Number of protein chains: 2
Amino acid sequence: MTLQNIQDDLSAADTLEPRAKLFRGLGDPSRLAILDALLSDERSVQEIVTQTGLGQPNVSNHLRCLLDCGLVSRRNEGRFVRYRLADRRIADLIRDADQLLASTAVGVDACRSYTG
Amino acid sequence: MTLQNIQDDLSAADTLEPRAKLFRGLGDPSRLAILDALLSDERSVQEIVTQTGLGQPNVSNHLRCLLDCGLVSRRNEGRFVRYRLADRRIADLIRDADQLLASTAVGVDACRSYTG
DNA sequence: CTAACGTATCAGTGGATAATGATATGACAT
DNA sequence: ATGTCATATCATTATCCACTGATACGTTAG
């Protein structure tokens with residue numbers, strides 16, 4: 001085993017799980033729809049429910065997930081709660097993914113391992 | 001509903017599923033470990049098995065998934081099969097994710113929705 | 001031809017999780 | 001105080017998917 005491999009393994013041990021978790025956070029159509037709704041502006045839960053067509057408890061669940069992950073932040077306003085993206089780089093990450101998907105090489109549909 | 005929302009919905013309908021699928025492809029520790037092994041160089045299945053500690057059928061399964069998705073490409077060499085990243089931007093995406101995780105705000109561990 | 005090796009496929013299994021309906025919590029208005 | 005609205009939580013269910021062991025396929029060596 002080379003030094004390079006050792007370094008890879010060391011860094012992998014520490015960063016693999018969080019990395020996977022971040023990508024999994026982004027790897028659900030419902031959560032992506034929610035993030036999409038937040039791309040342009042801050043939104044209340046109701047607005048997100050309307051825009052995404054998802055059920056309200058479902059949206060709340062995913063928002064909790066996204067909040068715990070630190071991907072969104074919230075702000076109370078009376079009985080409304082307004083959510084927004086926690087970091088610009090999240091939008092960047094999504095855009096980069098779209099660019100990658102626009103490449104001819106990357107054709108995710110063909111993957112039979114999961115139905116997505 | 002504003003024009004902006006309509007545009008969001010239209011783009012979402014087309015790109016949400018593939019996007020989610022791409023992120024899910026990246027959202028598994030085993031697949032990330034495999035991609036990690038390929039970051040620095042081309043590798044045979046055996047080498048990946050050794051470096052990741054995963055089972056051989058398991059690695060083959062994930063490689064098939066990654067291949068179908070277009071995230072890796074393969075090359076036959078005798079009875080060996082050597083895999084490599086299909087696109088530099090995949091490594092970029094992973095690095096960007098790591099940078100995001102280095103931020104204080106994004107702390108994925110706290111997410112209780114999935115154990116990952 | 002046959003043995004040995006590298007890789008891929010398959011079926012079975014356990015564990016994880018997204019969605020739903022019911023319900024709880026909290027805030028505002030009258 | 002009470003009703004109403006916005007949001008969050010909970011339990012249930014049904015589905016999905018990663019892993020394993022056995023095995024098949026393909027290639028090289030002897």
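Being a predicted model, the structure only gives us computed values, none of them experimental.
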Tell me whether the OP1 or OP2 atom of [N] has a side-chain N or O from [X] closer than 4.0 Å.
{"X": "A/Tyr83", "N": "D/dA8", "answer": "yes"}
{"X": "A/Arg24", "N": "C/dA16", "answer": "no"}
{"X": "B/Arg64", "N": "C/dT9", "answer": "yes"}

Legend entry - A/Arg84: salt bridge (Lys or Arg N to Asp or Glu O under 4.0 Å) partners, not counting sequence neighbours: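 Listed in chain order: nothing, the list is empty.
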
Tell me the interatomic distance from [X], atom [atom1], to [N], atom [atom2], rounded to whole angstroms.
{"X": "A/Ile48", "N": "D/dA6", "atom1": "CD1", "atom2": "P", "result": "14 Å"}
{"X": "B/Lys21", "N": "D/dC17", "atom1": "NZ", "atom2": "C1'", "result": "13 Å"}
{"X": "A/Glu47", "N": "D/dT7", "atom1": "CD", "atom2": "P", "result": "8 Å"}
{"X": "B/Arg82", "N": "C/dG6", "atom1": "CZ", "atom2": "P", "result": "11 Å"}
{"X": "A/Asn76", "N": "C/dC28", "atom1": "CG", "atom2": "C1'", "result": "14 Å"}
{"X": "A/Leu63", "N": "D/dT7", "atom1": "CG", "atom2": "C1'", "result": "10 Å"}

Side-chain contact test, heavy atoms from C-beta onward, threshold under 4.5 Å: evaluate it for [X] versus [Y] and give yes or no.
{"X": "A/Asp36", "Y": "A/Leu39", "answer": "yes"}
{"X": "B/Asp96", "Y": "A/Asp96", "answer": "yes"}
{"X": "B/Val59", "Y": "B/Thr52", "answer": "yes"}

Legend entry - From D/dT9, C/dG6, C/dA16, nucleotide with atom closest to B/Phe80 side chain: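 It is C/dG6.
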
Report all interatomic pairs (protein N or O, nucleotide N or O of nucleotides 24-30 of chain D) with separations under 3.5 Å.
none

Inset, instruction - Report which part of the nucleic acid A/Arg31 touches: base, sugar-phosphate, or nothing (heavy-atom distance under 4.0 Å, all strands). - result: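 Sugar-phosphate contact only.
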
Inset, instruction - Using a 4.0 Å heavy-atom cut-off across all strands, classify B/Arg74 as base, sugar-phosphate, or nothing. - result: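 Since only primed, P, OP1 and OP2 atoms lie under 4.0 Å of B/Arg74, the category is sugar-phosphate.
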
Legend entry - Qualifying residues under side chain to side chain contact (heavy atoms under 4.5 Å, CB included), relative to B/Asp87, sequence neighbours excluded: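 Applying side chain to side chain contact (heavy atoms under 4.5 Å, CB included) to B/Asp87 gives A/Leu100, A/Ser103, B/Arg89, B/Ile90.
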
Inset, instruction - Identify the residue among A/Leu71, A/Leu66, A/Leu85 that makes a side chain to side chain contact (heavy atoms under 4.5 Å, CB included) with A/Leu38. - result: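 Looking at A/Leu71, A/Leu66, A/Leu85, the match for A/Leu38 under the side chain to side chain contact (heavy atoms under 4.5 Å, CB included) is A/Leu85.
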
Pull out every protein N or O sitting under 3.5 Å from an N or O of nucleotides 19-24 of chain C, one pair per line with the distance.
| unit_1 | atom_1 | unit_2 | atom_2 | d |
| --- | --- | --- | --- | --- |
| C/dA19 | OP1 | A/Ser30 | OG | 2.7 |
| C/dA19 | OP2 | A/Ser30 | OG | 3.4 |
| C/dA19 | OP2 | A/Asn58 | OD1 | 3.0 |
| C/dA19 | OP2 | A/Asn58 | ND2 | 3.2 |
| C/dA19 | OP2 | A/His62 | NE2 | 2.5 |
| C/dA19 | O5' | A/Asn58 | ND2 | 3.3 |

Please set out all donor-acceptor pairs under 3.5 angstrom arising from side-chain atoms of residues 25-33 of chain B, sequence neighbours excluded.
| unit_1 | atom_1 | unit_2 | atom_2 | d |
| --- | --- | --- | --- | --- |
| B/Asp28 | OD2 | B/Ser30 | N | 3.0 |
| B/Asp28 | OD2 | B/Arg31 | N | 3.1 |
| B/Arg31 | NE | B/Gly25 | O | 2.8 |
| B/Arg31 | NH1 | B/His62 | ND1 | 3.2 |
| B/Arg31 | NH2 | B/Arg24 | O | 3.1 |

Legend entry - side-chain hydrogen bond (donor to acceptor under 3.5 Å, both in side chains) partners of A/Glu42, counting only residues at least two apart: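 So A/Glu42 forms a side-chain hydrogen bond (donor to acceptor under 3.5 Å, both in side chains) with A/Arg75.
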
Legend entry - Pair A/Arg95 + A/Asp92, salt bridge at N-O below 4.0 Å: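 A salt bridge links A/Arg95 with A/Asp92.
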
